[in-house]
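I have placed the structure first, in the form of structure tokens, so that the comments after it can refer back to it.
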There are 2 protein chains.
Amino acid sequence: MNLKEFAKSIGMSQTTVSRALSGYPEVKLETRERILRLAQELGYHPNRSAAGLATGRAGAVGIVMREGLGFDPNTTEFMAGLGSRLETRQIDILITVVEDRQAELAAYRRLAASKRVDAVILHTPTLDDERMQFLKELNMPFIVHGRGDEDGGYPWLDIDNLGAMYRATGYLLDIGHKRIGLINGAKGDVFAEHREQGYRRAMKERGLQAPDMLVVNGLFTDDIGYRAMQDFLALPEPPTAVLAGSMMSALGVMRAVRSAGLQLGRDLSLIAHDDVFNYINADNMVPTVSTTRSSMREAGVRIGDIILQMLAGRDVTNHHEIWPVELVLRESTCPPPAA
Amino acid sequence: MNLKEFAKSIGMSQTTVSRALSGYPEVKLETRERILRLAQELGYHPNRSAAGLATGRAGAVGIVMREGLGFDPNTTEFMAGLGSRLETRQIDILITVVEDRQAELAAYRRLAASKRVDAVILHTPTLDDERMQFLKELNMPFIVHGRGDEDGGYPWLDIDNLGAMYRATGYLLDIGHKRIGLINGAKGDVFAEHREQGYRRAMKERGLQAPDMLVVNGLFTDDIGYRAMQDFLALPEPPTAVLAGSMMSALGVMRAVRSAGLQLGRDLSLIAHDDVFNYINADNMVPTVSTTRSSMREAGVRIGDIILQMLAGRDVTNHHEIWPVELVLRESTCPPPAA
DNA sequence: TTGAAAGCGTTACCAA
DNA sequence: TTGGTAACGCTTTCAA
């Protein structure tokens, strides 16, 4: 059933029906309600391609994912939040999977030229990230999940990674630690750089060294967490506390600590970053794990909000949001054992 | 730039350009190559809404996710596989997030009526799942990831859950276990029912009981794995071996075992189902964990294949595929301790 | 092998 | 407040 048929069957003009369904104000309330009800009953939904062609809008936002990296459980959580918000306006999420960074740019070009999405969401910006400039040249509206430039002329939302690590590190220093290991994200990812800065700043303020061997960069996997911790423990002077970038890394750390016959929260301290999932929970570990915590899902919801504003024509180019990160202390942190 | 402008700028008719870009055979090879090259150079991509309107095809496949449940890390892995396959034909994945089962059906209705996607993928079918019938009535092509009816008149792809649990249970029985716990998915999910059947069949064939208290249903979270295992250990006659439905549940199990001062692979055996992620690895646990293994990502790739065939007009209504599941023995399994 | 032109189903402008 | 109708940009039929 198309608009013509539907309009005819209820004895209205196409114009009025279209306006009523799109919520235009000039339709009499009574008329609108009647049309809405009948559309519901008869199951009429406008053809999205036709609407897209007429309006130039696609009714979808795009996310381009690279196959290997960047396609982790966080993504799912983020999308759950984002989607739940966008669903209220029947905006869908369009996922394109690509192999590498170059294919990612090609995908943006296709999405833009074919008018397949109204905006895209960028994840995990890197130092000298070329994507923002690229999207600007394409005239494709976008928002960055992660830190963007202050004067970049595009919106972004990030958590306070620097502050989080600064506080976590500061706390560990306050209770007496001097050698603190950092298991961080990939070198060049802005969030990881910020975390390292927060860590180094706190160390520096106490006049302490942060030797490079105490900083590890890599994926947030159990495996890498394990190996990093093993390497730490093999040092002549191992760290007495460790900051892990995710709950997955933390699992590896805990395993290495156990294998070494040590006990977390007694021989060694751990603070992990927690993106909040239902399937793994810092409160359920033994010992319970102190965390810097920020919900990925909530970030998705909020970015959905901002996108809806963008699509409504509101100027959000200078909308920057930095979310504070909670420091939740649990059993995995304690003063360093007496030397 | 639209087709008209592009065609004009290279001195061709719209018709020929359109045909060349869509790969129609009647265009002279030389002409096609020239057009393809120029489109690339000038960055021309057909407007997807216009193409959709003209052809009736959307160039996307839909996945509807319910917010809470069913939006787990597996989804990401599956989508990575699916998307990498669909990308070769520039088919995108359209995600719609809904609150509950009723909203899910409404979403299918909208997607169908608005011709927003060419097919949808159904996940985690349940007993008496109403969605297949619903989609048939909507005339929406679909494929089920999970077990469907043999004579349902729609394609599906599943792993051999029954066989996997039958073999895993059989192996444990072979090495002397008699009481085996099962930490399974939600009651009513077909995959979980199949796993329970495989488990019960193996038990029954040896004339053994599988008391209800040894079977737990729930989400695949660390938390539930932990609690289930604790409950098992509190029984007058605890199981000597446990089957966990996912690596997440397995983490909880391992934690409970450690808390009880027991050792896996000595006092107790564990086999977990592994969907294969890069961030958590059965080979890296202590002890290494025996698994029934099947890659979620590969399933995504294969479903992408089948969908491309569907979209190409091939009749796949009776295409059913059941993948064998590997049983990988590692250190977490051993004969039961002498009583 | 190429081209002209008729749809595809909306939206939005203009008129009433 | 409602209605007629010209785009929107592509695909595909028919003709050459």
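If you're wondering where the values come from, they're calculated on a predicted model, not measured in any experiment. Each chain gets a letter, A, B and so on, in the order its sequence line appears, and its residues count up from 1.
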Quiz item: Passes side chain to side chain contact (heavy atoms under 4.5 Å, CB included), B:Val64 versus B:His123? Steps please.
Solution: CA-CA 9 Å; B:Val64 177; B:His123 282 273; over 6 Å; no

From [atom1] of [X] over to [atom2] of [N], roughly how many Å is that when rounded to an integer?
X	N	atom1	atom2	answer
B:Gln14	C:dG7	CD	P	16 Å
B:Arg34	C:dT2	CZ	C1'	13 Å
B:Lys4	C:dG3	NZ	C1'	14 Å
B:Asn47	D:dG9	CG	C1'	6 Å
A:Leu53	D:dT11	CG	P	12 Å

Electrostatic pair [X]-[Y], nearest N-O below 4.0 angstrom:
X	Y	result
A:Arg37	A:Glu41	yes
A:Glu104	A:Arg101	yes
B:Glu26	B:Arg19	yes

Quiz item: Mapping B:Arg19 and B:Pro46 onto DNA chain D by nearest heavy atom, which one lands closer to the 5' end?
Solution: B:Pro46

If you compare every side-chain N and O of [X] against the phosphate oxygens of [N] (OP1, OP2), does one of them come in below 4.0 Å?
X	N	answer
A:Asn2	C:dG9	yes
B:Ser13	C:dG3	yes
A:Tyr44	C:dG9	no
A:Tyr24	C:dT11	no
A:Thr55	C:dT11	no
B:Thr31	C:dT2	yes

Self-check item: Side-chain donor/acceptor contact of A:Arg48 with base of C:dG9 under 3.5 Å
Solution: no

Self-check item: Polar side-chain contact A:Thr16-D:dG3 base: donor and acceptor under 3.5 Å
Solution: no

Exercise. Report which part of the nucleic acid B:Phe6 touches: base, sugar-phosphate, or nothing (heavy-atom distance under 4.0 Å, all strands).
Key: nothing

Exercise. Check every strand shown and say whether B:Ser49 touches a base, only sugar-phosphate, or nothing at a heavy-atom separation below 4.0 Å.
Key: nothing

Quiz prompt | Closest approach of B:Val144 to B:Pro125 (non-hydrogen atoms, all atoms of both residues) | solution = CG1-CG, 3.8 Å

Closest to side chain of [X], choosing from [options]:
X	options	answer
A:Leu3	D:dG9, D:dT12, C:dT10	C:dT10
B:Thr15	D:dC8, D:dT2, C:dG3	C:dG3
A:Glu26	C:dA12, D:dT1, C:dG9	D:dT1
B:Ala54	C:dG9, C:dT11, D:dT11	D:dT11

Quiz item: Considering heavy-atom distances to DNA chain C, does B:Met12 or A:Ala50 have its closest nucleotide positioned more toward the 5' end?
Solution: B:Met12

